[in-house]
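Scroll down for the structure; my scribbles are underneath it.
Since the structure is predicted, the reported quantities are computational estimates derived from the model, not experimental observations.
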Amino acid sequence: MLLGSYDNFMKTPLLLNVGTCFSASSPLHYTLGWDNKYCHTGHCKEHHYLYIMQIGKKKWKKTAEKYKRRREKDEYVYKPPLLTGESHLVNNVLFPRGEETIEKYINYYKQLWECIKPEYAACADFSNKHFQLTESFMMKIKDQLLDAFDLKFMMVLRDPVRRLFSACSNACQHSVGHDILGERDDLVDPVKYFRYCVSDYIEPNTQYTEVYNKFTKVWGKERVHAIIMEELWNPETQPEKMEKLSDFLNFPITKVHENVYYPDMGPNAPKYEYLKDQWCSDTVGLDKETWKYGMEHMDWIYSGFAKIFGYIPKEWGEWYET
């Protein structure tokens, strides 16, 4: 691994993978934290700490209660012990409690770095909710984070229609749809909810180019790396994309973890260990009529991506049975 500048070498290396949900952020987490030993996320994959700081604990309470209900129903998604609070690496690290502050966030990762640096090259935060950080909030914390960390950002993006269909399927299982639709129970099934989301409700995770532009504007393009899920896991394009990821991280990535979403098999997906958050999401297959409806209403996402990146990924917008 190249060391880079002396100034950056003296700072704690921190990678923030900021989304998007249902785009294989868990396999990416395992790729970097388990298979290649690049980074460690501490007590958990995602704590959404900065997002909670942004919106306030009162607004976060409803979401926190939803997660608690899922755990009580034994729907908690277990992770490899090495990447949780059960790991020996985090025994002496205290997770910040009480009111969320940027000072506590910084202190947590500095503590974590002192414990993991014999085995890992960086700390990491894989909170998908950070995809929704606003420009104004990031500007408030920018100087403090850059003073403390050698900072990098990633986002993993999946075919927009298929990602949203997985998100809607998962939402319907956990009554998330009710939070948006109120009493409209007739819509809370994957297909109807999907149609609602693409025509009447803009789900924040669909705004790929807007969020990419926001992060590059605040942090600089050199600190932000977008991963196209299908390209990193497709055997034909994987070597090139692994090399680009390695260059960005300044660390050799030699293996990618198994991924339920590639190839997309919908409700017939394999049940890989520690990837229940993927294989339990899609309860029904994406039918062609629903896919066409999504393509017609979400074409702005594909065209917007092409404007920024100069192309549309080969496997995006392709119809195939799941």
Side-chain angles (χ1 to χ4, degrees), residues 1-5 8-21 23-51 77 79-96 105-131 133 145-146 148-157 215 219 222-227 229 232-233 241-259 274-275 277:
M1 180 178 67
L2 300 176
L3 296 181
S5 71
N8 281 341
F9 178 63
M10 295 301 292
K11 296 178 181 180
T12 299
L14 177 62
L15 171 70
L16 276 78
N17 188 76
V18 297
T20 54
C21 60
S23 295
S25 62
S26 287
L28 184 59
H29 179 214
Y30 298 157
T31 293
L32 299 184
W34 197 8
D35 299 327
N36 291 276
K37 288 286 190 84
Y38 166 70
C39 60
H40 198 287
T41 50
H43 289 79
C44 58
K45 175 198 172 193
E46 46 189 331
H47 44 60
H48 315 298
Y49 195 92
L50 298 178
Y51 180 72
V77 180
K79 301 293 183 183
L82 176 67
L83 302 179
T84 70
E86 297 177 30
S87 171
H88 68 283
L89 294 171
V90 301
N91 284 346
N92 297 318
V93 183
L94 298 177
F95 191 82
Y105 183 85
I106 291 170
N107 185 57
Y108 175 71
Y109 285 105
K110 284 186 172 292
Q111 285 186 61
L112 179 63
W113 176 236
E114 291 303 314
C115 294
I116 68 169
K117 62 184 178 181
E119 298 184 39
Y120 286 85
C123 301
D125 176 355
F126 267 64
S127 299
N128 282 330
K129 282 288 187 181
H130 292 167
F131 197 70
L133 296 180
L145 290 184
L146 289 178
F149 301 120
D150 177 10
L151 202 59
K152 295 180 180 181
F153 296 84
M154 290 192 321
M155 52 188 70
V156 55
L157 310 175
F215 273 85
W219 304 102
E222 72 281 0
R223 293 187 184 274
V224 183
H225 182 65
I227 296 171
M229 186 206 78
L232 184 59
W233 270 272
K241 299 306 174 182
M242 286 175 65
E243 183 178 357
K244 286 188 175 182
L245 179 57
S246 298
D247 289 344
F248 174 71
L249 298 175
N250 203 15
F251 187 92
I253 303 302
T254 59
K255 175 186 176 182
V256 294
H257 200 80
E258 55 197 6
N259 176 7
Y274 298 122
L275 286 173
D277 54 336

Value rounded to 0.5 Å, distance of [atom1] in [X] from [atom2] in [Y]:
X	Y	atom1	atom2	answer
I253	N36	CD1	CG	4.0 Å
H43	L89	NE2	CG	11.0 Å
L15	D150	CG	CG	10.5 Å
M242	D247	CE	CG	12.0 Å
Y120	L112	OH	CG	10.0 Å
F215	F153	CZ	CZ	6.0 Å

Problem - S127 side chain vs K129 backbone, donor-acceptor pair below 3.5 Å - result: no
Problem - Under 3.5 Å donor-acceptor, Y109 side chain and A148 backbone - result: no
Within the structure provided, determine whether [X] and [Y] are in side-chain contact (heavy-atom separation under 4.5 Å).
X	Y	answer
S23	M155	no
S87	H40	yes
L14	W113	no
C39	F126	yes
L275	P27	yes
E119	L82	no

Practice task
Report, as yes or no, whether the 6.0 Å neighbourhood of atom NZ on K244 holds more than 12 heavy atoms from other residues, nucleotides or ligands.
Solution key: no
Practice task
Mind telling me whether Y105 and H47 have parallel, tilted or perpendicular rings, with 30° and 60° as the class edges?
Solution key: perpendicular
Practice task
Identify which one of T20, D277, N128 satisfies the side chain to side chain donor-acceptor pair (under 3.5 Å) criterion when paired with S25.
Solution key: N128
Closest contact, heavy atoms only, [X] versus [Y]:
X	Y	result
C123	T12	SG-CG2, 4.1 Å
H130	L50	NE2-N, 3.1 Å
Y108	T41	OH-O, 4.2 Å
I116	A122	CD1-O, 3.4 Å

Exercise for the section: Show your working on side-chain contact (heavy atoms from CB on, under 4.5 Å) between V18 and E46 and close with a plain yes or no. Expected result: CA-CA 10 Å; V18 297; E46 46 189 331; over 6 Å; no
Exercise for the section: Scan side-chain atoms only and decide if K79 and S26 contain a donor-acceptor pair under the 3.5 Å cut-off. Expected result: yes
Handout entry: Flag for D125-Y49: side-chain donor and acceptor within less than 3.5 Å
Key = no
Practice task
Applying side-chain contact (heavy atoms from CB on, under 4.5 Å), run through W219 and L16 and close with a yes or a no.
Solution key: CA-CA 12 Å; W219 304 102; L16 276 78; over 6 Å; no
Practice task
Take L232 and L28 through the test side-chain contact (heavy atoms from CB on, under 4.5 Å) and record every step on the way to the result.
Solution key: CA-CA 10 Å; L232 184 59; L28 184 59; 4.2 Å; yes
Handout entry: Residues K11, F149; criterion side-chain contact (heavy atoms from CB on, under 4.5 Å); working and verdict
Key = CA-CA 5 Å; K11 296 178 181 180; F149 301 120; 5.5 Å; no
Handout entry: side chain to side chain contact (heavy atoms under 4.5 Å, CB included) partner of L32, chosen from M154, H257, K37
Key = M154
Problem - side chain to side chain contact (heavy atoms under 4.5 Å, CB included) partner of V256, the single match among T31, D35, L245 - result: T31
